[in-house]
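All figures in this text were calculated on a predicted structure; none of them were measured in a lab.
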Amino acid sequence: MPHHALDITLTRPLTPAEFHQATRTMPLAANHDATRLLAVVPAKTPSKALNRLRQVSSLLPIDVITTHYPDPSGHILLNVDFPPATHAALQAAAEGAGQPLRLFLQLALQRAMARHASAEADHLDRAVQHLLAGTTAPHFLTALGRALTHATGAAPC
């Protein structure tokens, strides 16, 4: 059976006792402050792995579970357990749009990500234009190359 790596974002840090108790159910790795966990879950599909983890994780204050690696289409699966009132409001909005809840949420998330990407590109365009106003393109490119070399830890050419 295939195994799937899942990222778990918690609503609060785990105590050492909670982490110990949870690891008795399944192997988990925690980040430095125990607010994120990584699990490797056996399941036929990533979606089934998300559901399996959600079922056995009553010991954890889970906020969001995502697949650690993208699927062949480049998508990351997201599993959020909404409070009942939020779920009802989202269900009503989806029904009002004539869509199943899963599709409604998927499209809303895609629109939000597209808005974010557009805003980030606009911000970068303005920042570059501001920097170019005070220097030449060759000097700017040299400085950019140096900054990227230092940021990635690559050896300078």
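Going from atom CZ of R146 over to atom OG1 of T149 covers 9.5 Å, rounded to the nearest 0.5 Å. Summarising the geometry, atom OG1 belonging to T45 is positioned 8.5 Å from atom CG belonging to L50; distances are rounded to the nearest 0.5 Å. A distance of 9.0 Å separates CG of D81 from NE2 of H87, quoted to the nearest 0.5 Å. Here the straight-line distance linking atom CD of Q21 with atom CG of L14 works out to 11.5 Å at 0.5 Å rounding. In this structure, L78 CG and D7 CG are separated by 11.5 Å, a value rounded to the nearest 0.5 Å. Atom CG in L141 sits 8.0 Å away from atom CG in L132 (nearest 0.5 Å).
Closest approach of K44 to P2, counting heavy atoms only: O-CG, 3.9 Å. For the pair A49 and V41, the tightest heavy-atom approach, listed with the atom from each and the gap, is O-CG1, 3.9 Å. Looking at every heavy atom in both residues, L77 comes nearest to P46 through CD1-CB, 3.6 Å. Shortest non-hydrogen contact noted between K48 and A43 is C-CB, 3.9 Å. The two residues H68 and I76 make their nearest non-hydrogen contact at O-CD1, 4.3 Å. What you find for I65 and I62 is that their closest heavy atoms are CG1-CG2, 3.7 Å.
Atom CZ of R36 is surrounded by 12 or fewer heavy atoms from other residues, nucleotides or ligands within 6.0 Å. Within 6.0 Å of CZ in F140 there are more than 12 heavy atoms belonging to other residues, nucleotides or ligands.
Taking the side-chain hydrogen bond (donor to acceptor under 3.5 Å, both in side chains) definition, one finds that D63 meets it with nothing, sequence neighbours left out. With sequence neighbours excluded, the residues forming a side-chain hydrogen bond (donor to acceptor under 3.5 Å, both in side chains) with H139 are T136, listed by chain and number.
Under a hydrophobic-cluster definition in which Ile, Leu, Val, Met, Phe, Trp and Tyr are linked whenever side-chain heavy atoms come within less than 4.5 Å, directly or via other members, L28 and L38 are assigned to different clusters. Linking ILVMFWY side-chain heavy atoms closer than 4.5 Å, directly or via other members, places V64 and F82 in a single hydrophobic cluster. A single hydrophobic cluster is seen to contain both V128 and L144, as judged by linkage of ILVMFWY side chains at heavy-atom distances under 4.5 Å, directly or through other members. Hydrophobic clustering (ILVMFWY, side-chain heavy atoms < 4.5 Å, transitive): L148 and L124 are in distinct clusters.
Residues P70 and H75 form no side-chain contact, since every pair of their non-hydrogen atoms from C-beta on lies 4.5 Å or further apart. Using a 4.5 Å cut-off on side-chain heavy atoms (C-beta onward), M26 and L53 make contact.
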* To do: Go through the steps for R12 and E18 under the test side-chain contact (heavy atoms from CB on, under 4.5 Å), then give the verdict.
  => CA-CA 11 Å; R12 61 173 174 75; E18 288 173 320; 2.6 Å; yes
* Asked: Hey, mind stepping through T66 and N79 against side-chain contact (heavy atoms from CB on, under 4.5 Å) and telling me if it holds?
  -> CA-CA 6 Å; T66 62; N79 182 291; over 6 Å; no
Show every donor-acceptor pair shorter than 3.5 Å between a side-chain atom in residues 95-120 and any protein atom, with sequence neighbours excluded, or say none if there are none.
from, atom 1, to, atom 2, distance (Å)
E95, OE2, Q91, NE2, 3.3

